[in-house]
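When reading the values below, keep in mind they use all heavy atoms of this one structure, side chains included, and skip hydrogens, waters and symmetry mates. Numbers restart at 1 for each chain; the letters A, B, ... are given by sequence-line order, proteins then strands.
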2 protein chains.
Amino acid sequence: MGRPTMEDVARHAGVSRALVSLVMRGSPKVSEQRRRAVLRAAEELGYSPHAMARSLASRTSTVLGVMVSDLHNPFFAEIVDGLDEVARDQGFDLIINTGSRSPARERRALGSLLSFRPAGVALLGTVVSSADIAAAAEQQPVVLVARSTRLSTVDTVNDDGEAGSEMAVDHLVSLGHKKIAHLDGGSGSQAALRRRGYDRAMRRHGLEPLVVRSEYTDTAGARAVRDLLAAGEADLPTALVAANDYNAVGALAALEEAGLRVPDDVSLVGYDNTSLAGLRHLSLTTVDQPRHEMGRLAAEALVQRIRGERTDPVRHLLHPSLVVRATTAPR
Amino acid sequence: MGRPTMEDVARHAGVSRALVSLVMRGSPKVSEQRRRAVLRAAEELGYSPHAMARSLASRTSTVLGVMVSDLHNPFFAEIVDGLDEVARDQGFDLIINTGSRSPARERRALGSLLSFRPAGVALLGTVVSSADIAAAAEQQPVVLVARSTRLSTVDTVNDDGEAGSEMAVDHLVSLGHKKIAHLDGGSGSQAALRRRGYDRAMRRHGLEPLVVRSEYTDTAGARAVRDLLAAGEADLPTALVAANDYNAVGALAALEEAGLRVPDDVSLVGYDNTSLAGLRHLSLTTVDQPRHEMGRLAAEALVQRIRGERTDPVRHLLHPSLVVRATTAPR
DNA sequence: TCTAACCAATAGAGCGCTCTAACGAGAACC
DNA sequence: GGTTCTCGTTAGAGCGCTCTATTGGTTAGA
C-alpha cells in the first residue's frame, strides 16, 4: 500500500489536503481543533512528509550539500560537526558525499549532489576544477573550506597556513634551534601557504630555509627524513616542521629507526592537531586549526547567501594556534 | 531565470518533453538524429535532470541513506568506501548523515534520512532503538553494520568478534604467554562478543581469564593499565588483549610511562586495524576486520532487497584476521 | 442593514519529471 | 488494397506536495 500521503491524512481527518499541509508546516492559521484532528490522523496512519515532494512544490530546498574530499581524514569530521550544528539550528539537512581526491570522480560526485538541488554547497578540501566550482556557484551558494580560490562568486574558510607555519618556526627558534627543515606537502591543499610561512619566518630570523619535498602521508614523511639523513650526515637539522600530522608521524618513525630520539636529538612539529597528535603515545607538538569553528563559519556563509543577506564574497582566514606537547624541546 | 527544465530543452530541440525524458534515461527507442538534437540542446542550456522530480515521478529512488554513528572514527570511512563502490556501480547515490551516538539525536537524523524516501538504509554502528529500526524497516530495506539485532526484517553485516578475540589469544599463547588480560570495551558495540571470545579461548587453553573493565578510548585504555599496575604488582600479565586500537594506544602509553617496554616486557594486541595501528611509529599487532568488504556486502544486501531478489534476512559474519606487527613478542 | 474586514478552510494549478496509452507513418504480409 | 506490425514520437495524467486565489462564515464599523 505504500506510505500514506497527505491526501490520506486529509481524508482520515475529514479535512482538505491544504489544511494538512498547513498543519505540517506549523502554520498559525489553523484552529486548535482541526490541528489536533490532523495530528491525530497523521499519527494513526504513521504519516511523515515527503521531503522531495515538498521541496519540488515549494521550489525551495532545506538541504545543504557537503562534499568531503576524504572521509578517512578525521580533520574533516570536525568540520562536518561544525557545519552540522549550524545547519540543524537553521533548519537545514546535510547530505554528504565523498569525492575520493580525483578531479574526475569529484566532478561526478558534485554533479550528483547538485542533482538534488541543494540550497547551498560546501566543498571540504576538494580538488574539483575551478571551472566546475564556478559553474556550480551559478546555481546556488558555494563555500570552499581548506581551499582557496580566485573566484569572486564563492566564499572561503581557511586557516592562515602561513601564520601557522610561522608559529611553528618561532616556537622552535625560541627553543634555540637554528637548523630547521620543512617537510612540505607537495601539491596538497594549503601546502604552498605553509611552505611560504616557513620560508618567511626563517628569513625573518636570519636562518637558512631547507625544504624537503614530501606529501601529506606518513610514508612520505618517513621517506623525506631518510632522504635527509642520507644526504647530509654531518650537518643534520635539529628540528623539523612537518607538512601535517600524518607526515610528522612518519617522520617520527624514521627518526627513531635511525636511532635519533625525539625530542632529545630532534624536535618535531606537525600540523592540524588531529586526534592522532593528541594520542598520549605520540604527544605531538602541532598547529591547531579551529576546525569546528571553520565548519560553523562555512555553514553561516551559506545560510547568509541563501537568505539573500549578502552577495559579496567573504574570505574567512582563521588564526591557527600552537599546541605544545612532547615532541619539541630546547636545543 | 532558474535552471532550465526538461520543457526548456524540449522546446529548444523542437521535440516533446517525453522524448527528452527518454534521451535522458538512455532509452534505445530514440532515433540517433533526435538523440543528438536533444543532447545538444541540453548541453547548450546547461541542463541536468532534477533528481527529486525524477524520483517523485517514477516512484522510485536511486538513493541509499547511510547513517554513520561517528564520522571521527576512521573505521567507518572504509565501510563507506565499500558501500560507495557498490552503490555507484549499481546506479545508486549515497546520502550520508551523522548520528552523534545519542539515541534521541540519531532518531531525528534517521527521520530526516527517511524523509528523502531512500531506496534503502544502512546504519553503521548506530545506537538507535530497536523499535525505530523496526519501524524504518517497514518502509524500505535496512542493513545494520557493526551491530547485531534480533529483528528478522533487517540484514546485518558484522565481523566475528568472538573469533577475532580468540585469534588474538591464540597468537599470544603460541608466543608462550600464560597470563593474558583483556581490557574490555564496556557497553560499546560488539564489546560483549570480543569479551566472550577472549574468555572462551583462555579456558580452551586452560588459562585463567582476567578482564579489566575499560572502554573504546585511549584514555580508558591508559586508565585500565594503571589500575592493573596498581592492583597486582607482583603478578602482572605478560600480555594484553585490548578492546580496540584506540584503547590499545592508551594502554601502550601507560605501559611505557610505567617503564615497561612493549613488546619486551608486555605484549599488546589491538582490534580493528585502523590506520592508527598501521602507523610505523605504533606498529600495533591487531585484529583486522575486512571493512571494505563489509561495506560492499551491506550495499549488496540492500540492492538485493530493493530489486526484490531476496526477502529472507541475511546475516553476514565475516572472518577477522590477525595482523602481526611489532607489539607482540615471545615471552 | 449593508459593507468591509477578517478568519479558517479549500479548490485547483503547478513544481519537474515519468509512464501509459495512443498516435501516425512506414514496412510486411496475404 | 486492406490488415497487421513495428517503431519513433507525443499527449496527458499524475507523483506528493505548496501556494495563490477564493470561498463562505463571522464580526466589526458606519
**Message:** Whether A/Arg40 and A/Glu43 form a salt bridge (side-chain N of Lys/Arg under 4.0 Å from carboxylate O of Asp/Glu) is what I want to check.
**Reply:** no
**Request:** Please round to the nearest 0.5 Å and tell me the distance separating atom CD of A/Glu44 and atom CG of A/Asp8.
**Result:** 13.0 Å
**Message:** Whether the side chain of B/Arg305 engages the backbone of B/Thr311 through a donor-acceptor N/O pair (distance < 3.5 Å, no angle test) should be reported.
**Reply:** yes
**Message:** Rounded to whole Å, how long is the line connecting atom CD of A/Glu32 with atom C1' of C/dC7?
**Reply:** 15 Å
**Prompt:** Short question: side chain of B/Asp81, backbone of B/His292 - any donor-acceptor pair under 3.5 Å?
**Reply:** no
**Asked** Quick one: is A/Ser31 getting a side-chain N or O under 4.0 Å of the C/dC7 phosphate, OP1 or OP2?
**Response** no
**Request:** Flag yes if more than 12 heavy atoms outside A/Glu309 fall under 6.0 Å of its CD atom; otherwise flag no.
**Result:** yes
**Message:** Categorize B/Lys29 for me: base, sugar-phosphate, or nothing, with a 4.0 angstrom heavy-atom threshold over every strand shown.
**Reply:** base
**Item:** Heavy atoms of other groups near A/Arg88 CZ, more than 12 under 6.0 Å
**Value:** yes
**Prompt:** Between the side chains of A/Ser112 and A/Arg108, is a donor N or O closer than 3.5 angstrom to an acceptor N or O?
**Reply:** no
**Fill in**
Expected string for nucleotides 10-17 of chain C under the B/S/- scheme (protein heavy atoms, under 4.0 Å, primed atoms plus P, OP1, OP2 as sugar-phosphate) is BBBBBBBB
**Prompt:** Would the number of heavy atoms belonging to other residues, nucleotides or ligands and lying under 6.0 Å from CZ of B/Arg107 be above 12?
**Reply:** no
**Estimated bend of the helix from C/dT1-D/dA30 to C/dC29-D/dG2 (axis per five terminal pairs, rounded to 10 degrees)** = 60°
**Message:** Within the structure provided, determine whether B/Phe116 and B/Val63 are in side-chain contact (heavy-atom separation under 4.5 Å).
**Reply:** no
**Prompt:** Hey, is the main chain of A/Arg117 close enough, under 3.5 Å, to the side chain of A/Ser61 for a donor-acceptor pair?
**Reply:** yes
Check: protein-nucleotides 26-28 of chain C nitrogen or oxygen pairs below 3.5 Å:
none

